[in-house]
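Data first, discussion second: the structure below is written as structure tokens.
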Amino acid sequence: MIGILERRGADFATAEDAVQDALIEAFRSWPENEPRDMKGWLITVAWRKFLDRVRAESARTAREEHAFALDTDAATTSADDTVALYFLCAHPDLSPASAVALTLRAVGGLTTRQIAEAYLVPEATMAQRISRAKRTLSGRRLNRPGSISAVLTVLYLVFNEGYSGDVDLAAEAIRLTRVLAASIDHPEVSGLLALMLIHHARREARFTADGALITLTDQDRSRWDSHLIAEGIGILETALAREELGEFQVQAAIAALHADAQRVEDTDWPQIVEWYDELLTFHDSPIASLNRAVAIGEADGPAAGLAQLDRLDETLPRYFAVEAHLRERAGEDESAAKLYVRAAAKAGNLAERDHLMRQAARLNSER
Amino acid sequence: MAKYLMLKHYTMAPEYMQYTPMEEWTPGEVDAHIGYMNDFAARLKASGEFVDSQALSPEGTFVRFDGEGKPPVTDGPFPETKDLIAGWMVIDVESYDRALELAGELSAAPGAGGEPIREWLELRPFMGVTPSTTD
């Protein structure tokens with residue numbers, strides 16, 4: 001065992017300690033839950049223990065290729081163990097923030113410092129969040145499996161955080177979802193992967209060189225990454241063919257319809273509305289209803305969109321931004337400008353706020 | 001080196017708010033303003049004087065403890081007349097004069113017609129935590 005670890009790049013002393021740690025872990029968890037492949041289990045756990053030790057010694061060293069806890073070397077790490085680690089890190093007893101931090105740490109192999117930087121919190125705070133999460137899970141290793149939807153939710157949260165600092169969380173989320181998709185055959189995992197790839201394909205087109213937001217309508221579609229879009233659509237089509245529809249597949253289908261349109265006016269809005277109807281059958285989400293109102297506004301005209309909007313709660317995030325857009329399309333520039341200002345005050349981030357303020361300024365200076 | 005907080009406000013008494021509101025600028029003027037702010041922060045990072053910068057949403061509430069076993073009291077959302085903090089920048093500089101100079105520069109961000117908006121900024125020195133070792 002120590003030899004296997006050494007061949008993977010471990011020094012002897014640390015490898016020896018790591019194997020010892022793994023044996024202790026085995027004594028603790030095997031009586032409850034004996035793995036099918038004991039040797040594989042030991043090697044996987046010993047390798048993780050080794051990595052923990054290395055990281056503890058040099059938390060500040062940059063992430064290295066060999067520090068990838070989920071080496072998918074089939075001979076030594078079984079797909080079951082990989083999947084078990086994802087489930088463990090998304091355990092329902094953890095808060096979403098803790099599950100995200102632990103997933104990035106234990107599955108992704110990022111350092112605590114990198115995770116802290118990505119989430120703009122002090123390193124000590126993130127270290128505490130991770131160690132509390134580990135304490136919560138102690139004694140629950142690799143047993144009770146969680147739900148796949150909890151795992152997917154965690155990965156999607158990571159993806160949506162985007163990137164700040166030197167860690168690209170969107171790319172990291174895609175990498176982790178790819179590994180998961182390679183280890184487990186589930187249409188919703190494919191759906192999430194497709195959704196991420198199609199969104200990621202548009203990233204370069206979403207901002208100007210100065211960092212200003214460009215909405216889907218105004219994006220230069222030649223800047224979309226057509227390879228990623230094609231890959232995403234391919235994955236989605238295979239998943240949809242299994243006819244086990246789920247929320248992520250539906251969201252990916254909506255993203256695919258946008259990505260498929262060469263020009264914004266080619267967008268198949270009636271089909272997008274149908275997919276939103278489908279989405280609402282899974283989960284009666286107000287955000288999905290709001291997006292559906294936007295799609296109806298495009299498919300059937302702004303008056304129809306506003307009628308849908310009227311049935312929703314105006315405290316919803318982006319409600320006023322949607323109303324402003326629909327009113328502008330209906331030719332009500334004066335009220336649209338006021339609504340853009342109101343929406344800017346409610347924006348959750350600077351890029352969105354500045355964008356909405358620019359819309360208000362545009363309408364006011366045209367009048 | 002000494003740390004200072006530069007505070008921006010959304011609303012202040014009218015005599016302190018003498019520039020045209022942003023929604024009445026042209027989109028180009030909005031871009032120029034945002035560009036000026038970004039350049040300012042980038043220059044402070046390059047000179048080693050930047051610590052932190054954050055913006056706050058205008059939405060919020062006042063909250064107060066209302067005794068054991070009772071839910072906290074809230075008063076809000078903020079009425080528009082209240083002095084609302086819009087955001088801040090923390091700088092770490094050699095001297096008070098340097099802090100004044102930088103606050104003056106930030107206040108000169110362009111607005112309508114490309115003219116400096118000359119908004120009032122609050123400049124506040126940080127209190128240290130421990131006495132200096134020579135005291």
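Here is how names work: the chains are called A, B, and so on, in the same order as the sequence lines, proteins then strands, and each is numbered from 1.
- Closest non-hydrogen pair, A:A361 versus B:T26, comes out as CB-C, 4.0 Å.
- Both the backbone and the side chain of A:A345 have a heavy atom closer than 4.5 Å to some heavy atom of chain B.
- Atom CD of B:E101 sits in a crowded spot, with more than 12 heavy atoms from other residues, nucleotides or ligands closer than 6.0 Å.
- Atom CZ of A:R318 is surrounded by 12 or fewer heavy atoms from other residues, nucleotides or ligands within 6.0 Å.
- When all heavy atoms of A:L350 and B:A55 are compared, the closest pair comes out as CD2-CB, 3.7 Å.
- In the displayed structure, A:R221 atom CZ is contacted under 6.0 Å by more than 12 heavy atoms of other residues, nucleotides or ligands.
- Residue A:R206 places its CZ atom among 12 or fewer non-hydrogen atoms of other residues, nucleotides or ligands, all under 6.0 Å distant.
- Note: A:D354 CG to B:M37 CE = 10.0 Å, rounded to the nearest 0.5 Å.
- Crowding of A:W269 atom CH2: a count of heavy atoms from other residues, nucleotides or ligands under 6.0 Å exceeding 12.
- The candidate with the highest count of non-hydrogen atom pairs below 4.5 Å against chain A, out of B:S57, B:P58, B:G87, is B:P58.
- In this structure, CG on A:N364 lies 13.0 Å from CE on B:M22, to the nearest 0.5 angstrom.
- For CD of A:E265, the number of neighbouring non-hydrogen atoms (other residues, nucleotides, ligands) closer than 6.0 Å is greater than 12.
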Might you work through the side chain to side chain contact (heavy atoms under 4.5 Å, CB included) test for B:I34 and A:M357, ending with a clear yes or no?
CA-CA 11 Å; B:I34 294 164; A:M357 203 46 111; over 6 Å; no
